[in-house]
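Okay, structure first, notes after.
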Amino acid sequence: MQGIDGVFYVVILIISVIMHEVAHGLAADHFGDPTARLSGRLSLNPIRHIDPFGSVILPLLLIFSGTGVVVGWAKPVPYNPNLMRNQRFGVPAVALAGIVTNLCIALFFGIVIRLGMGSDFLSQGFFHIASTIVLVNLVLALFNVLPLPPLDGFRLIFSLIPRRLRRYEQLSERYGIFLLILFILFGWRFVAPLVIFLYSFFTGIHL
C-alpha cells in the first residue's frame, strides 16, 4: 500500500474512527450523560475528533513502513459514568458502542458488495471504496476489542469486574501505550487471520 492508496486508506480510517467516537458519545448521552454533547463531540466535524498522532501520523508510518497492519484512533470522547442513570449497563454500552458501529459499517458495505457482484451496479471504483471501508472497519473493531489500555476492550473488562479489582486499572494504563505498540508490531499477525475470515464472510470475496 503506497502513495495515493495509503492516503486514501487514512481518509477512510479517519472517517471510521470519528464514527466510532461519536457512537461512544451517543451511547453515553442515551444513558443520561451529556458530557460529549456539551463538549461538542457528537459532531461529525473531523476537527473536533482528529488526534494528530493516532489519526494521521501513526497510520501513515504503518503504511509506509510495510508493517502489514494499519490502525489508528481519534481523541477519546469524554464521558462521566457518575451522570449515567444506570452505570451497570451504561458503562459497558459506551465501551461497546464504537466496536458495534464499526462492525455495522463493515456489514452494510459487505452486503452492498455481495449484492453488486456480477452486475453493473458496482463499478470498479466503488468496489474499491466499499472493500476498503469493510477492511478498515473490521480492523478497527477487532483492534478495539483487545483488552489493552486505552482500547474499548480494556474499558469493557474493567466495567464488568468487581470494584475491588479496579485499582489495577490505573496501573495498567501507565504501560498501556507500550503494550499497544508492541502488539501492533509483533502481535497483530495472530489477529489478521480473523480479519481475513470476517472480510470474506461479509463480502463473499476471498482475500
Kindly list each side-chain donor-acceptor pair under 3.5 angstrom involving residues 28-37, sequence neighbours excluded, with atom names and distances?
residue, atom, partner, partner atom, Å
D29, OD1, R37, NE, 3.0
D29, OD1, R37, NH2, 3.2
D29, OD2, R37, NE, 3.4
D33, OD1, T35, N, 3.1
D33, OD1, T35, OG1, 2.5
D33, OD2, N80, N, 2.5

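Under the side-chain contact (heavy atoms from CB on, under 4.5 Å) criterion, I129 pairs with F8, I133, not counting sequence neighbours. Applying the side-chain contact (heavy atoms from CB on, under 4.5 Å) criterion to V145, with sequence neighbours excluded, gives I99. In terms of the side-chain contact (heavy atoms from CB on, under 4.5 Å) criterion, residue partners of F186 (sequence neighbours excluded) are, by chain and number, L182, R189. Judged as a side-chain contact (heavy atoms from CB on, under 4.5 Å), and not counting sequence neighbours, P76 has no contacts.
Note on residues 15-26: pairs passing side-chain hydrogen bond (donor to acceptor under 3.5 Å, both in side chains), not counting sequence neighbours, are S16-N137, H20-H24, H20-N102, H20-D152, H24-D152. Listed by first then second residue, pairs satisfying side-chain hydrogen bond (donor to acceptor under 3.5 Å, both in side chains) with a partner in residues 126-136 read S131-Y199, not counting sequence neighbours. Screening residues 40-55 for side-chain hydrogen bond (donor to acceptor under 3.5 Å, both in side chains), with sequence neighbours left out, gives R41-H49. Every pair tested for salt bridge (charged side-chain N to carboxylate O under 4.0 Å, His left out) that includes a residue from residues 68-92 fails, sequence neighbours excluded, so the list is empty.
Classification of the W73-F143 ring pair by plane angle, with boundaries at 30° and 60°, yields parallel.
Listed here is the closest heavy atom pair of P92 and Q87: CD-O, 3.7 Å. The nearest pair of heavy atoms linking T101 to A23 is OG1-CB, 3.0 Å. Here the shortest heavy-atom pairing between L142 and L198 reads CD1-CD1, 4.1 Å.
Here V77 is tied to no hydrophobic group at all, with no ILVMFWY side chain closer than 4.5 Å.
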